[in-house]
Amino acid sequence: MFIKIKRGWELPESAATPESVYLGRRGFLAAAGITAAAPLALAGQARADDAADPSAGLYPVKRNETFKLDREITPEALSTHYNNFYEFDTSKDVAELAQALPIRPWTVAIDGMVEKPQTIDIDTLLKQMPLEERLYRHRCVEAWSMAVPWSGFPLKSLVDLAAPLSSAKYIRFETFNNPDVAPGISGAPWSPWPYIEGLTMAEATNELAFMVTGMYGKPVPKQNGAPLRLATPWKYGFKSVKSIVKITFTDQQPLSFWEQLQSSEYGFWANVNPAVAHPRWSQADERVLGQNGTVPTQLYNGYGEYVAGLYSGMQDLGDKLYR
Ligand SMILES: Nc1nc2c(c(=O)[nH]1)N[C@H]1C(S)=C(S)[C@@H](COP(=O)(O)O)O[C@H]1N2
Ligand SMILES: [Mo]
């Protein structure tokens with residue numbers, strides 16, 4: 001993407017292995033009464049992280065068979081280790097850095113034009129929402145793609161919980177903004193943090209709009225946006241905002257992080273369309289993670305039957321609908 005913030009390779013060497021990650025794990029082990037002097041093996045770390053997540057017992061959840069894939073599910077090791085999460089680093093190699101994000105306690109503020117403004121604890125929210133699994137394609141604006149078994153709940157269920165006023169026209173999503181745990185934030189203080197994204201109410205209540213809390217039958221990993229992220233598979237991946245702390249109902253079209261950085265390249269709508277090139281590269285094809293070569297990209301990423309109707313009568317916007 002267009003990068004004004006410091007590249008990963010410009011970060012100091014120490015950022016690659018932040019002490020907070022190490023200290024965080026040690027802290028957890030101490031709290032759990034485990035005394036392991038030897039360094040943990042990778043598998044051991046994964047188990048420790050699962051145990052630390054009080055939602056682990058909720059998964060796997062029942063698959064909603066409505067949503068079919070036209071390709072293999074991307075291997076978990078790839079989709080959890082090739083990430084965009086600029087709060088941690090501008091490289092794809094953020095999985096280790098992201099472990100410094102504390103995800104409990106975690107609250108989500110629901111505010112703005114709603115009848116029921118509230119700040120809700122993530123585990124309370126998880127208990128109230130109808131969890132299911134969906135297989136979705138994901139198409140990054142950078143022309144790579146993956147196919148993922150997400151777990152979570154329809155965004156519509158959260159909208160119902162908030163009970164929006166009729167004046168609400170948009171939903172604005174906000175990511176955590178803590179430079180102490182996120183070297184990408186502290187290293188680029190001039191960037192327009194926090195990461196913001198938005199949808200219209202019609203988009204948000206479309207059945208495809210999904211709040212992700214899990215992945216591959218487990219809690220969603222930190223690098224993929226724990227404990228709560230968005231998935232809007234007909235739009236470019238940057239719309240799927242990670243690690244959400246605030247959801248605001250508003251009558252103003254939200255100004256996203258990327259639109260603020262580079263509005264000529266990234267806008268509000270960002271619907272996938274292979275016929276509308278990014279100003280600096282073609283969007284006709286995509287590289288599927290884990291596969292050689294490319295496959296053609298589909299209009300609305302193949303989800304036109306669900307969402308094309310949302311945009312009928314909006315053709316005046318022209319290419320703006322697709323970037
Ligand atoms: N807060 C936040 N959300 C974010 C991003 C980010 O940098 N910060 N990157 C976006 C982009 S460009 C993509 S493609 C997806 C990547 O999700 P993944 O790492 O789970 O594949 O997250 C999106 N959500
Ligand atoms: Mo992306």
Side-chain angles (χ1 to χ4, degrees), residues 1-8 73-98 101 103 108 136-152 172-179 181-185 187-188 191-199 210-216 218-247 254 256-262 265-267 270-272 278 281 283 286-290 297 301 323:
M1 299 182 69
F2 186 91
I3 291 155
K4 282 183 176 161
I5 62 186
K6 231 179 187 190
R7 300 299 302 240
I73 290 175
T74 302
E76 181 179 354
L78 289 179
S79 50
T80 60
H81 290 86
Y82 185 88
N83 301 107
N84 276 330
F85 206 160
Y86 278 59
E87 284 82 346
F88 293 98
D89 194 49
T90 57
S91 78
K92 297 289 184 280
D93 189 16
V94 295
E96 197 58 31
L97 286 169
L101 178 67
I103 56 166
V108 181
Y136 274 176
R137 293 185 295 277
H138 173 102
R139 172 56 159 83
C140 177
V141 75
E142 298 161 334
W144 57 267
S145 69
M146 60 182 181
V148 175
W150 301 116
S151 304
R172 177 185 182 274
F173 300 89
E174 185 173 319
T175 296
F176 81 90
N177 186 10
N178 180 359
V181 298
I185 299 179
S191 278
W193 313 108
Y195 197 100
I196 301 293
E197 262 305 338
L199 298 172
F210 198 58
M211 298 304 299
V212 167
T213 61
M215 196 178 180
Y216 297 89
K218 290 170 282 187
V220 64
K222 294 179 180 184
Q223 64 270 28
N224 294 90
L228 184 68
R229 72 172 283 174
L230 181 65
T232 47
W234 72 99
K235 292 178 176 285
Y236 289 115
F238 66 83
K239 297 292 292 186
S240 60
V241 44
K242 293 177 169 179
S243 305
I244 295 166
V245 295
K246 189 151 82 148
I247 300 177
S256 77
F257 177 85
W258 281 107
E259 192 174 4
Q260 227 172 307
L261 271 178
Q262 191 66 2
E265 301 192 343
Y266 310 104
N271 295 314
V272 174
H278 184 278
W281 59 82
Q283 296 291 26
E286 64 202 54
R287 184 174 61 84
V288 180
L289 290 191
T297 288
N301 199 24
R323 55 173 60 144

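Keep in mind the model is a prediction, meaning the values are calculated, not measured. Both ligands and their constituent atoms are indexed starting at 1 by order of listing.
Looking at Glu265 and Val141, their side chains never come closer than 4.5 Å, going by heavy atoms from C-beta outward. Contact of the Ser243 side chain with the Phe85 side chain is registered, since non-hydrogen atoms from C-beta on lie closer than 4.5 Å. Residues Met215 and Ser79 form a side-chain contact, since some pair of their non-hydrogen atoms from C-beta on lies under 4.5 Å apart. Within the 4.5 Å cutoff, side-chain heavy atoms of Thr297 are placed close to those of Arg139. You'll find the side chain of Asn301 stays beyond 4.5 Å of the side chain of Tyr136, heavy atoms only.
Between Arg229 and ligand 1 there is a heavy-atom distance shorter than 4.0 Å. Note on ligand 1: Met146 sits in its first shell, one or more heavy atoms being nearer than 4.0 Å. Heavy atoms of Ser240 approach ligand 1 to within less than 4.0 angstrom.
Distances below 4.0 Å separate heavy atoms of Asn83 from the following atoms of ligand 1: 18 (P), 19 (O), 20 (O). Short contacts between ligand 1 and Phe85, defined as distances under 4.0 Å to a heavy atom of the residue, involve ligand atoms 1 (N), 6 (C), 7 (O), 8 (N). Remark: ligand 1 atoms within the under-4.0 Å shell around heavy atoms of Thr175 are 1 (N). Remark: ligand 1 atoms within the under-4.0 Å shell around heavy atoms of Phe238 are 10 (C), 11 (C), 12 (S). Within the listing of ligand 1, atoms 14 (S) sit less than 4.0 angstrom from a heavy atom of Cys140.
Judged as a side-chain contact (heavy atoms from CB on, under 4.5 Å), and not counting sequence neighbours, the contacts of Arg229 are His138, Trp150, Val212, Asn224, Ser240, Lys242. Looking at residues two or more places apart in sequence or on another chain, you find no salt bridge (charged side-chain N to carboxylate O under 4.0 Å, His left out) involving Glu87.
Here atom 19 (O) of ligand 1 lies nearest to Lys242 when heavy atoms of His81, Lys242, Gln223 are compared.
With a heavy-atom cut-off of 4.0 Å, Glu87 touches ligand 1 through its side chain alone. For His138, every heavy-atom contact with ligand 1 shorter than 4.0 Å involves the side chain, none the backbone. Contact annotation: for Tyr86 versus ligand 1, heavy atoms closer than 4.0 Å belong to both the backbone and the side chain.
A donor-acceptor pair shorter than 3.5 Å cannot be found between the side chains of Asn83 and Lys92.
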